[in-house]
Number of protein chains: 2
Amino acid sequence: MNAKPPTSLDVARLAGVSQATVSYVLNDRPGARVSDETRERVREAAERLGYVPHAGARTLRTGRSGLILISMDDVPYGPLAIGMLEELDRELSRRGYTLVQYGARRLRGVPAARAWAELRPVAVLAGAGKLDEQAVAVLRSAGVKAVVALGAHSSAVTASVVVDHAGIGALAAGHLIDRGCRTIAAVVPAEPGLREMGEHRLSGARRVAEARGVPLTRADLPFSEEGAAALLDVWRRVDGVFAYNDDYAMLLMTVLRDAGVAVPGDVRMVGCDDLPLATLLRPRLTTVRIDVSAMPSLLARRLEELMEQEAPAEPDHIHPWNPVLVVRESS
Amino acid sequence: MNAKPPTSLDVARLAGVSQATVSYVLNDRPGARVSDETRERVREAAERLGYVPHAGARTLRTGRSGLILISMDDVPYGPLAIGMLEELDRELSRRGYTLVQYGARRLRGVPAARAWAELRPVAVLAGAGKLDEQAVAVLRSAGVKAVVALGAHSSAVTASVVVDHAGIGALAAGHLIDRGCRTIAAVVPAEPGLREMGEHRLSGARRVAEARGVPLTRADLPFSEEGAAALLDVWRRVDGVFAYNDDYAMLLMTVLRDAGVAVPGDVRMVGCDDLPLATLLRPRLTTVRIDVSAMPSLLARRLEELMEQEAPAEPDHIHPWNPVLVVRESS
DNA sequence: ACGCAGTGGTTATACGTATAATCAGTTGAT
DNA sequence: ATCAACTGATTATACGTATAACCACTGCGT
């Protein structure tokens with residue numbers, strides 16, 4: 001009942017062959033010369049015993065683990081991130097790698113890197129905020145071939161996948177101005193986890209607004225009705241708002257309705273993410289959808305390159321995201 | 001530049017001691033007799049080399065891994081699940097375990113179990129739908145001490161953590177009847193991932209409704225405005241609706257408003273989850289909040305028990321969730 | 001008869017770690 | 001002076017796997 005897990009040696013004994021033969025058969029190594037009947041005997045014995053190889057032992061022997069670690073706890077969890085993760089998982093497992101999420105207790109920097117390094121992964125993907133130069137050095141020293149930072153800006157120390165937040169802001173602001181807005185506001189969330197991305201979206205909006213001669217107000221907003229109500233004079237002064245995302249847009253539309261400000265009559269509104277709730281709002285919400293469908297396969301390919309080559313890659317970045325405007329009634 | 005990762009033997013050489021001494025010092029084993037100065041030398045050498053132990057080798061030697069796998073892809077991701085996961089992570093790492101999310105490519109049954117078993121985890125938590133009897137046997141055979149099913153109902157084959165969905169439905173229905181509703185409806189989502197939980201919530205609501213002599217209509221609803229509009233005669237026939245969760249409640253409130261049905265005047269509405277959007281709806285949404293704050297520490301303790309004892313535990317279950325009614329304006 | 005290539009395996013070893021077993025010195029009690 | 005107990009280490013080994021190196025045997029051309 002409480003026996004030890006069967007090993008390849010157990011399989012070998014049952015099949016009447018040597019342990020080496022078992023290894024050759026089960027991994028079907030190209031060069032191995034084993035007769036078909038022996039192969040069958042080995043496979044059957046493995047099946048009977050319920051043999052499952054010991055990943056740790058294999059890693060120890062080969063020096064490579066096939067394990068890819070991803071730490072998502074910098075990146076906001078949403079349907080978007082989940083879907084992307086699933087697809088990435090599929091792409092990587094197809095290539096023989098195992099994708100595993102490991103947040104490392106919200107550690108960051110070197111302590112987080114040490115925790116990851118213990119597992120001797122072949123690649124680590126982590127929020128840019130968790131990877132400083134020393135942390136990357138720890139990972140490299142532990143044999144991690146590919147270190148990729150995920151975040152809003154590219155990293156100077158390693159390859160990275162950056163989300164083009166500025167592009168989102170630019171798209172939203174451009175649309176508002178196209179609709180005739182003469183003064184606009186852009187929301188920057190006050191929440192620590194979101195503020196940085198808010199700043200980036202703001203900067204993109206600001207760039208477009210300046211280029212087209214439209215004044216832009218920055219609105220630092222905590223996610224609460226009181227917070228939104230406290231800025232009522234801001235919303236009354238402008239005729240267009242980029243609300244950072246759909247949740248904030250819903251918050252604002254609720255508060256504006258209570259205050260008697262008409263959307264889009266008095267102020268046009270644009271969100272981001274194209275959440276299901278966007279079409280449920282009245283008026284229906286114009287939003288920026290981020291198309292990430294191209295991202296998993298691109299990232300998987302890039303990872304494969306990085307893991308195969310010997311030298312650590314020069315820091316570069318890809319941003320395989322495509323912001324698309326979905327125009328509805330609120331703008 | 002591309003050197004191999006430093007081993008405990010490298011540390012030993014630099015410190016001028018044996019590899020065994022390094023192991024004793026870095027794990028500071030209670031019985032080990034090593035002088036303080038030697039300890040210091042070893043620690044310094046390890047620091048200098050950036051030594052990180054090799055988890056695979058350690059697992060191989062000791063036979064235990066400290067790795068706990070959780071597969072969340074049955075359980076719906078939301079702020080609730082995320083928060084719970086973080087707290088569970090904290091509880092387990094405090095006890096010396098490493099919590100890792102591993103979805104296993106959405107495999108289920110034996111194939112998923114084999115993938116998990118390769119890592120020789122000490123515990124596996126997975127959606128009840130992924131764990132059939134054979135899968136559990138595979139895990140047990142691979143030395144997994146604790147196998148815990150997560151889901152809406154208890155498992156006959158292993159310990160489980162069940163969410164008391166029936167209790168949620170009962171609480172919501174009881175509240176509606178308290179408010180004077182004489183005929184109520186309960187939403188069951190048509191989405192494959194949610195339907196089962198919807199059935200459980202429905203059953204709880206039905207139990208209470210029958211006990212109090214109130215007719216209850218089941219409403220199978222896909223998440224779309226067309227779907228909700230197609231059932232308009234249902235909503236018109238009842239004076240209370242338990243909407244499964246807040247998202248569905250928002251969908252219904254939007255459609256009902258468009259159709260001229262007043263909430264709560266014509267029909268009272270109760271959601272579930274207490275999402276931020278619940279307070280942003282007009283009228284503000286009455287909802288069932290699930291208090292999961294007690295869950296992580298309870299689960300961690302239970303896991304610890306299971307992992308320490310030798311015999312596989314008899315299937316039992318805990319449901320450390322506390323549904324709480326949050327009454328607002330919609331009911 | 002002899003080498004020689006091909007077939008179907010086996011033997012031996014290393015990966016990095018934890019730990020039981022051992023050992024050389026030193027101290028202390030009698 | 002002798003033995004026991006303690007201190008501070010070292011030596012040796014096993015965990016499960018992959019793979020290089022080796023080996024016995026058969027068939028075959030000369």
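Chain letters run A, B, ... following the sequence lines, proteins first, then strands; residues in each count from 1. This is a predicted model, so every value here is computed, not measured. Side chains included, hydrogens not; waters and symmetry mates left out as well; all remaining heavy atoms used.
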Notebook entry, point to check: Among dC15(C), dT10(D), dT19(D), which nucleotide sits nearest the side chain of Leu60(A)?
Noted result: dC15(C)

Note to self: Ignoring hydrogens and geometry beyond distance, is a side-chain donor-acceptor pair present between Thr158(A) and Ser155(A) at under 3.5 Å?
What the structure shows: no

Next item on the list: State which residues pass salt bridge (Lys or Arg N to Asp or Glu O under 4.0 Å) with Glu305(B); sequence neighbours excluded, sorted by chain then number.
Entry: Arg302(B)

Check: Near DNA chain C, which residues from residues 22-38 of chain B have a heavy atom under 4.0 Å away?
Finding: Ser23(B), Tyr24(B), Asn27(B), Arg29(B)

Next item on the list: Starting at atom CZ of Arg13(B), determine the distance to atom P of dT11(D), rounded to an integer number of angstrom.
Entry: 13 Å

Check: Tell me, which pairs form a salt bridge (Lys or Arg N to Asp or Glu O under 4.0 Å) where one or both residues lie in residues 83-99 of chain A, sequence neighbours left out?
Finding: Glu86(A)-Arg106(B), Glu87(A)-Arg90(A), Glu91(A)-Arg94(A), Glu91(A)-Arg95(A), Arg95(A)-Glu304(A)

Next item on the list: Would you mind reading off the distance between Glu40(A) atom CD and dG8(C) atom P, rounded to a whole angstrom?
Entry: 16 Å

Next item on the list: Could you check how far CG of Leu9(A) sits from P of dA12(C), rounded to whole Å?
Entry: 14 Å

Notebook entry, point to check: Does Ser18(B) place a side-chain N or O at less than 4.0 Å from the phosphate oxygens OP1/OP2 of dT10(D)?
Noted result: yes

Checklist line | Given DNA chain C, 5'-ward residue of the pair Gly16(A) and Pro53(B), judged by closest heavy atom | finding: Gly16(A)

Next item on the list: Kindly state each residue pair satisfying salt bridge (Lys or Arg N to Asp or Glu O under 4.0 Å) with at least one member in residues 16-26 of chain B, sequence neighbours excluded.
Entry: none

Notebook entry, point to check: Got a sec, which residues hit side chain to side chain contact (heavy atoms under 4.5 Å, CB included) with Ala57(A), two or more places apart in sequence or on another chain?
Noted result: His54(A), Leu60(B)

Check: Which sits closer to the 5' end of DNA chain D, Gln19(B) or Ala57(B), going by the nucleotide each is nearest to?
Finding: Gln19(B)

Next item on the list: Using atom CZ of Arg58(A) as one end and atom P of dG16(C) as the other, report the distance to the nearest whole Å.
Entry: 18 Å

Next item on the list: For the pair Trp321(B) (side chain) and Val162(B) (backbone), establish whether a donor and an acceptor sit closer than 3.5 Å, ignoring hydrogens and angles.
Entry: yes

Item checked: Rounded distance in Å - NZ (Lys4(B)) to P (dC15(C)) -> 7 Å

Item checked: Any pair counted as salt bridge (Lys or Arg N to Asp or Glu O under 4.0 Å), so long as it reaches residues 9-30 of chain A, sequence neighbours left out -> Asp10(A)-Arg13(A), Asp28(A)-Arg43(A)

Item checked: Euclidean distance, atom NE2 of residue His54(B) to atom P of dA14(C) [Å, nearest integer] -> 17 Å

Notebook entry, point to check: Counting only side-chain N and O atoms of Thr21(A), is one of them less than 4.0 Å from OP1 or OP2 of dG9(C)?
Noted result: no

